[in-house]
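A quick write-up on the structure given underneath.
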Amino acid sequence: MPDPTSAPAPAPDPAPVTILVDADACPVKEEIYRVAQRFGAEVRVVSNSPFRVPVSARVRRVVVSDGTGGPKFDAADDWIAEHATPRSVVITADILLAERCLKAGARVLKHDGREFDAASIGSAVATRAIMEDLRAGMDGVGGGPPPFSKADRSNFLQALDRVMVQLRRS
């Protein structure tokens, strides 16, 4: 019979948070490394080609291919989606990847700090489809996202810090 005067055993520490970075076009990798260091998080930098990453036991580079040695367009997305969990923060601007990761329970941030969530992903996917159709019908008309700004970088840092604090408490 247990001793009623003894204190209950402490709850086990939750698994560490893993930050999964869709790295091919990520402008905030250095910021991710700093935040991950502060929170003791693991980082996986996933890409189709090698990127330089800090020398750290917590940061790993993951270079993916189609299995034949050559790059595959969606291989990085597939790897990230397969490894996303409720203890993951995914950093990506890819709306379809964000949708897959949200379904796995991960938190998803864009490079400018905006968070994809269950309430916003449906309209983001729909808008993406509409824009893709419009671009398909307009030869030579393009554009792209606005230039990445200092405010975007600051917003990202604040958002990542907020998400990491929330995951630490859960």
Please test R87 against L167 for side-chain contact (heavy atoms from CB on, under 4.5 Å), starting from the C-alpha separation and ending with a verdict.
-> CA-CA 7 Å; R87 299 288 300 162; L167 287 171; 4.3 Å; yes
Given side-chain contact (heavy atoms from CB on, under 4.5 Å), test E99 with V108 step by step and report yes or no.
-> CA-CA 9 Å; E99 180 181 40; V108 183; over 6 Å; no
For I32 and I91, what are the C-alpha separation, side-chain angles and deciding distance, and is it a side-chain contact (heavy atoms from CB on, under 4.5 Å)?
-> CA-CA 9 Å; I32 293 166; I91 311 301; 3.8 Å; yes
Please assess V62 against V46 for the test side-chain contact (heavy atoms from CB on, under 4.5 Å), listing each intermediate value before the final yes or no.
-> CA-CA 5 Å; V62 179; V46 186; 4.1 Å; yes
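Side chain of S56 to backbone of R58: a donor-acceptor contact under 3.5 angstrom is found. Of the possible donor and acceptor atoms, one in the side chain of S88 sits under 3.5 Å from a partner among the backbone N and O of T85. Listed for the D161 side chain is no donor-acceptor partner under 3.5 Å among the backbone atoms of L157. Side-chain N or O atoms of R107 include none that pairs as donor or acceptor with a backbone N or O of M164 at under 3.5 Å.
In terms of heavy atoms, A106 sits closest to A84 at CB-CB, 4.0 Å. When all heavy atoms are compared, the tightest approach of G113 to A159 is O-CB, 3.2 Å. Of all heavy-atom pairs spanning A75 and S65, the tightest one is CB-O, 3.7 Å.
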Show the atom names and distances, to 0.1 Å, of all donor-acceptor pairs under 3.5 Å that link a side chain in residues 17-24 to residues at least two apart or in another chain.
from	atom 1	to	atom 2	distance (Å)
D22	OD2	T92	OG1	2.8

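Sorted by first then second residue, the ring-ring contact (aromatic ring centres under 6.0 Å, His included) pairs that include residues 74-105, not counting sequence neighbours, are W79-H83.
Hydrophobic clustering places I95 together with V90 (ILVMFWY residues linked when any side-chain heavy atoms are closer than 4.5 Å, directly or through intermediates). Connection of I80 to V63 is not established within any shared hydrophobic cluster, with ILVMFWY side chains joined at heavy-atom distances below 4.5 Å, either directly or through further cluster members.
Contact annotation: the side chain of E115 approaches that of V163 to within less than 4.5 Å [non-hydrogen atoms, C-beta and beyond]. Side-chain contact between D78 and R100: present, with at least one pair of heavy atoms (C-beta onward) separated by less than 4.5 Å. At a threshold of 4.5 Å between non-hydrogen side-chain atoms, the residues C26 and V28 count as touching. Side-chain contact between Y33 and V45 is present, with heavy atoms from C-beta onward closer than 4.5 Å.
Counting non-hydrogen atoms of neighbouring residues, nucleotides and ligands closer than 6.0 angstrom, the CZ atom of R153 exceeds 12 such neighbours. Heavy-atom neighbours of Q37 CD from other residues, nucleotides or ligands within 6.0 Å: at or below the threshold of 12. Other residues, nucleotides and ligands place no more than 12 heavy atoms under 6.0 Å from the CZ atom of R60. Heavy-atom contacts from other residues, nucleotides or ligands closer than 6.0 Å to CZ of R169 number 12 or fewer.
Note that NE2 of H111 is 14.0 Å distant from CG of N155, once rounded to the nearest 0.5 Å.
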